Number of protein chains: 2
Amino acid sequence: QVLSERFGRGSKTVDLQLEAQIEILRDTQHKYENVLRLAHELTRHFSLVVQTQRTLGDTFADLSQKSPELQEEFGYNAETQRLLCKNGETLLSAINFFVSSVNTLVNKTMEDTLLTIKQYESARIEYDAYRTDLEEMSLAQRDAAMMVKIETAQQNFQVHKEKYEQLRANVSIKLKFLEENKVKVMHKQLLLFHNAVSAYFAGNQQQLEQTLKQFNINLKTPGTDKPSWLEEP
Amino acid sequence: QVLSERFGRGSKTVDLQLEAQIEILRDTQHKYENVLRLAHELTRHFSLVVQTQRTLGDTFADLSQKSPELQEEFGYNAETQRLLCKNGETLLSAINFFVSSVNTLVNKTMEDTLLTIKQYESARIEYDAYRTDLEEMSLAQRDAAMMVKIETAQQNFQVHKEKYEQLRANVSIKLKFLEENKVKVMHKQLLLFHNAVSAYFAGNQQQLEQTLKQFNINLKTPGTDKPSWLEEP
C-alpha cells in the first residue's frame, strides 16, 4: 500500500482536518524543543556567571580587609556581588523549574500523543490496503471461489476499518486534551519565567522569592545538582 | 656575593621599610591579577548569557506571532529578553572598560616599577660585593701593592654605592607615585564597576547609561569584538 501510494497508484484515505492538527503538533513540539534547548543553555551560562560572582565577592571582601586605602570601594563591591549571587541561585531554581515542566510537556505528554498518531497512521495504511483489495476483487468475474475470497476480504476490510476509525477517534481526543494541557502548562510556565526574570533583573529580591512561592518551587539547596522538586505539569 | 649570602657568610645591606613596600607591591599585583582573571571570566560567561537571551527573545517573538492561544505570554517574554539583551551589551562595555584599565595598571604601571626594583636588587648585590671586598682588604697587611688595590676597591665601592643609592631613591619615588596612581585608578574603576553592575541588576537602564557617560565610555558597537575605546588609566 505504501509503495502503490508512493508510485501514485491506489487511493489514500485522508482526514484533512486531523492531518493539519497533527502537522501543527509536530511543528509545536519542534519549536518547544528549541525553547527548551535555549532555556537550558541559559541556566548553564548563567550558573557560571553566578559562580564567578561568588568568587569575585569573596575576593573583593578579602581585598577590602587587606587594603585600608580602598577598603570602602572593595567593600561595597563585595556586598553587591554576594547579593547578586544569592538572587542568582533563586533565579536558577525558577528557570530549572521552567525547563523541567516544559520538558515533561514536550518529551512525555506530546510524545505520548505522537505515539498514538503513529499507530493511527499505520492503521490507516492497513485499512487502505484492505479497501483497495476489496475494490479490485469486486471488479473481477464472480465465480464461487471468488465469492469466498470476497467474503474474507470484506471481513478483513471491516476489522481494519473499525481499528482505523477507533484510532482516529483516539488521536482526535488526545489532540484536544493535549491542546488544553499545553495552553495551561505554557501559560503557567511563561508567567513564572517572566515574573522570575523580571524580578531578578529589577533587583527585587522579595518579588523574586514571592514568585517562587506562588509557583510552589522549593529553593534548590546549593551544591545539589539534581532538583528535587520535579513536578508534573 | 649571592652565594656567600646564601651560605650565611658576608653581610647584606637591607632597607627594611623599602623591602616591606616591595613585598606589598608584589602581593598587590598578584591579588589584582586574580581580580582581573575573575572579571575577564565574568565578561566571558555573561556575554554567553546575553547571546542566549538574544536568541531566546527572537524565538519567543516568533512563537508569539504563530501561537494565537499564547500570544500574550510569549509576547511579554520576548520583550523582556530583548530589553535585557540591550542592557547586557551596555554592562559588558562597562566591565570591559574595567578590565582594560585594571590590566594597564597591573601589567604596565606596576610592571614598570617592578623592573626598576629588579635593577635596584642587582645593584644592591654588586654594592655589597664591593663593600665586602673593601672590608676584607682593610684587615690585611698594608704594603704598597695592597694600598693600590685598596685604592681601586675604594673607587669601585664608591661607584656602586652611588648607583645603588640612586636606584634605591628611584624605587622609593616610583613606589610612592604608583601607590597614588593605584588608589586613583582603583577608586575610579571600582566605583564604575559597582555603579554599572548595580544599575544593570536594578533594571535601571537610564542609570546604567549615565554611569557609562560619566566614565566617558563609548558603547561597543555590537558585532565588533575588539573594544576601540581602550583608555589609559
Side-chain angles (χ1 to χ4, degrees), chain A residues 24 27-28 31-32 34-35 37-53 55-60 62-63 66-67 69-70 72-77 79-81 83-84 87-88 179-180 182-183 186-191 193-195 197-204, chain B residues 24 27-28 31-32 34-35 37-53 55-60 62-63 66-67 69-70 72-77 79-81 83-84 87-88 179-180 182-183 186-191 193-195 197-204:
Chain A
I24 288 173
D27 186 51
T28 303
K31 279 180 178 148
Y32 285 14
N34 195 30
V35 169
R37 191 181 54 75
L38 288 169
H40 196 255
E41 218 169 79
L42 189 66
T43 50
R44 210 155 39 88
H45 299 321
F46 190 70
S47 72
L48 287 173
V49 167
V50 172
Q51 229 170 284
T52 309
Q53 285 175 331
T55 319
L56 204 52
D58 292 347
T59 307
F60 282 150
D62 181 56
L63 277 162
K66 291 173 185 164
S67 326
E69 74 283 10
L70 291 161
E72 201 192 337
E73 288 85 343
F74 282 121
Y76 55 64
N77 271 295
E79 224 171 282
T80 307
Q81 293 300 320
L83 178 66
L84 287 179
N87 287 355
E179 181 62 20
E180 284 173 16
K182 182 197 82 176
V183 172
M186 290 307 284
H187 171 79
K188 177 181 166 182
Q189 290 304 322
L190 288 166
L191 191 66
F193 189 82
H194 177 262
N195 288 357
V197 167
S198 302
Y200 173 79
F201 286 99
N204 196 332
Chain B
I24 288 173
D27 185 52
T28 303
K31 278 179 179 148
Y32 285 14
N34 195 31
V35 169
R37 190 180 55 75
L38 288 169
H40 196 256
E41 218 168 79
L42 189 67
T43 51
R44 208 154 39 88
H45 298 321
F46 189 70
S47 74
L48 287 172
V49 167
V50 172
Q51 230 171 284
T52 310
Q53 284 174 331
T55 319
L56 204 52
D58 293 347
T59 307
F60 281 150
D62 181 57
L63 277 162
K66 291 174 185 163
S67 326
E69 73 284 11
L70 291 160
E72 200 192 337
E73 288 86 343
F74 282 120
Y76 54 64
N77 271 296
E79 224 171 281
T80 307
Q81 294 300 321
L83 177 66
L84 287 178
N87 288 354
E179 180 62 20
E180 283 172 19
K182 182 197 84 177
V183 171
M186 290 307 283
H187 171 80
K188 177 181 165 182
Q189 291 303 322
L190 288 167
L191 191 67
F193 190 82
H194 178 263
N195 288 358
V197 167
S198 302
Y200 173 80
F201 286 100
N204 196 332

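Residue numbers begin at 1 in each chain, while the letters A, B, ... track the order of the sequences. Because the structure is predicted, anything quoted here is derived from the model rather than measured.
- For the pair E73(B)/L191(A), no side-chain contact is recorded, criterion being any heavy-atom separation below 4.5 Å from C-beta on.
- Note that OG of S67(A) and NZ of K31(B) are 6.5 Å apart. Values are rounded to the nearest 0.5 Å.
- In this structure, no portion of N87(A) lies under 4.5 Å from any heavy atom of chain B.
- Proximity to chain A (any heavy atom under 4.5 Å) is shown, for D27(B), by neither the backbone nor the side chain.
- When all heavy atoms of T80(B) and S198(A) are compared, the pair lying nearest together is CG2-OG, 4.1 Å.
- The greatest number of non-hydrogen atom pairs below 4.5 Å with chain B, out of N204(A), L56(A), L190(A), is found for L190(A).
- Considering only heavy-atom pairs separated by less than 4.5 Å from chain A, the leading option among T28(B), N34(B), L48(B), L83(B) is L48(B).
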task: Verify side chain to side chain contact (heavy atoms under 4.5 Å, CB included) between E41(A) and T55(B), making sure each step is shown before the conclusion.
output: CA-CA 11 Å; E41(A) 218 169 79; T55(B) 319; over 6 Å; no
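- In this structure the side chain of F60(B) reaches within 4.5 angstrom of the side chain of F193(A), judged on heavy atoms.
- Highest contact tally toward chain B, considering only V49(A), N77(A), L84(A), is held by N77(A) [criterion: heavy-atom pairs under 4.5 Å].
- A 6.0 Å sphere centred on CD of E72(A) holds no more than 12 heavy atoms belonging to other residues, nucleotides or ligands.
- For V35(A) against T59(B), the heavy-atom pair with the smallest separation is CG2-CG2, 3.8 Å.
- Closest approach of L70(B) and H187(A) over heavy atoms only: CD2-N, 3.8 Å.
- Ring geometry for F201(B) versus Y200(A): interplanar angle over 60°, hence perpendicular rather than tilted (30 to 60°).
- Counting non-hydrogen atoms of neighbouring residues, nucleotides and ligands closer than 6.0 angstrom, the NE2 atom of H40(A) reaches no more than 12 such neighbours.
- Interface remark: V183(B) contributes backbone and side-chain atoms alike to the contact with chain A (heavy atom separation under 4.5 Å).
- For the pair E179(B)/E69(A), a side-chain contact is recorded, criterion being any heavy-atom separation below 4.5 Å from C-beta on.
- Looking at L63(A), only its side chain comes within 4.5 Å of chain B, counting heavy atoms on both sides.
- Under the 4.5 Å side-chain criterion, counting only non-hydrogen atoms from C-beta, T52(A) is not in contact with F46(B).
- By the 4.5 Å heavy-atom criterion applied to side chains, Q81(B) and V197(A) are counted as neighbours.
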